[in-house]
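Proteins get letters first, then strands, A, B, ... in listed order; numbering begins at 1 in each.
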There are 2 protein chains.
Amino acid sequence: MISLNFKDKRPIYEQVMDRLKELMVVGALPENTQLPSVRSMAVELSINPNTIQRAYGELERQGYIYSIKGKGNFVAENERLRDLKIDEVKEKLIEVIEEARKLGLRDEEIISVIRQHGEGRERA
Amino acid sequence: MISLNFKDKRPIYEQVMDRLKELMVVGALPENTQLPSVRSMAVELSINPNTIQRAYGELERQGYIYSIKGKGNFVAENERLRDLKIDEVKEKLIEVIEEARKLGLRDEEIISVIRQHGEGRERA
DNA sequence: GATACTGTACTAATTAAATTAGTACACTTT
DNA sequence: AAAGTGTACTAATTTAATTAGTACAGTATC
């Protein structure tokens, strides 16, 4: 389900979070799906259960999953998921835009970067 | 010239780099200006000279400054600076755009975020 | 040449954060 | 009761950033 990139110097729990978010948002993990248990996921990735626990805990805090003691961790509702992730991306986008403007780039220049980079995804 | 934010959990050398980049690109530090020596900057910020050395070394590697042994570190040419920073930001922008598209956002939606956020900077 | 700056390189010690290790306890299902 | 689940907690380890200290080379000035 997940594979780790050890070249990446970000913390493991963060990589796990990002990968799970992607799978959830894309629909590979539908809403209310039960995620692998903390222990089994740890075995699968050959890392410590505490690290998974941390990832799950953060994901729950952010609203991506919900957990039921004794039962497991489950994917949150689809609508919720998409909104959460879109908000995250918009946040990032705004940060970059502000940085670009500090450099004196005008909106039209920024937008042209988007258009020039984007090819063939419009009708997807 | 620089002040550190200890709440920020990014490495100090990275904060120093970003702040200097900003000062250089904005023009507060014109091209060929001599930067504070490794040792004096360290005293000013109450941190270790090695940390400044690392920041300067990285800045040179990235092309923002050039150093002359025995003389000091100096701000690179203006044209160079702006291009470097703009490339950085465009890189970041493209990453965010790609993430946004994965979520199914169309270019028009992304662009509308930019326009809605940007107010009053068009004529700056 | 001597002095006092500058950059640069290097090793060792310290600090802080992530990760691991191990244990314990509560809840659910069978 | 047994076997799974989540959760909390402390302690040890590992890793990266930072500090500490020293050394050496180039520049400028006297």
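- Residue R54(A) has its side chain nearest to dT19(C) when only dT18(D), dC10(C), dT19(C) are considered.
- Here the P atom of nucleotide dA17(C) and the CD1 atom of I12(A) are 18 Å apart, to the nearest Å.
- Residue K71(B) places none of its side-chain N or O atoms closer than 4.0 Å to OP1 or OP2 of dG26(D).
- When distances run from any side-chain atom of N48(A) to the nucleotides dT8(C), dG6(D), dA21(C), the shortest one goes to dA21(C).
- The distance from atom CD of Q34(B) to atom P of dT27(D) is 14 Å, rounded to the nearest whole Å.
- Take the nearest nucleotide of DNA chain C for S40(B) and for Q53(B): the residue whose nucleotide is more 5' is S40(B).
- For dT6(C), neither phosphate oxygen OP1 nor OP2 lies less than 4.0 angstrom from any side-chain nitrogen or oxygen of R39(B).
- The closest donor-acceptor contact from the side chain of Q34(B) to the backbone of K71(B) lies under 3.5 Å.
- For the pair N73(B) and dG7(C), the criterion of a side-chain N or O lying under 4.0 Å from OP1 or OP2 is met.
- If you measure from atom OH of Y13(B) to atom P of dT15(C), you get 21 Å, rounded to the nearest angstrom.
- Taking atom OH on Y66(A) and atom P on dT5(D), their separation rounds to 17 Å, with Å as the unit.
- The interatomic distance linking K69(A) (NZ) with dA3(D) (C1') rounds to 18 Å, in whole Å.
- Residue S37(B) has no polar side-chain atom (N or O) positioned under 4.0 Å from OP1 or OP2 of dC5(C).
- Listed pair S67(A) / dG6(D) fails the phosphate criterion, with no side-chain N or O lying under 4.0 Å from OP1 or OP2.
- Distance from the side chain of P11(B) is smallest for dA17(D) among the nucleotides dA17(D), dT8(C), dG21(D).
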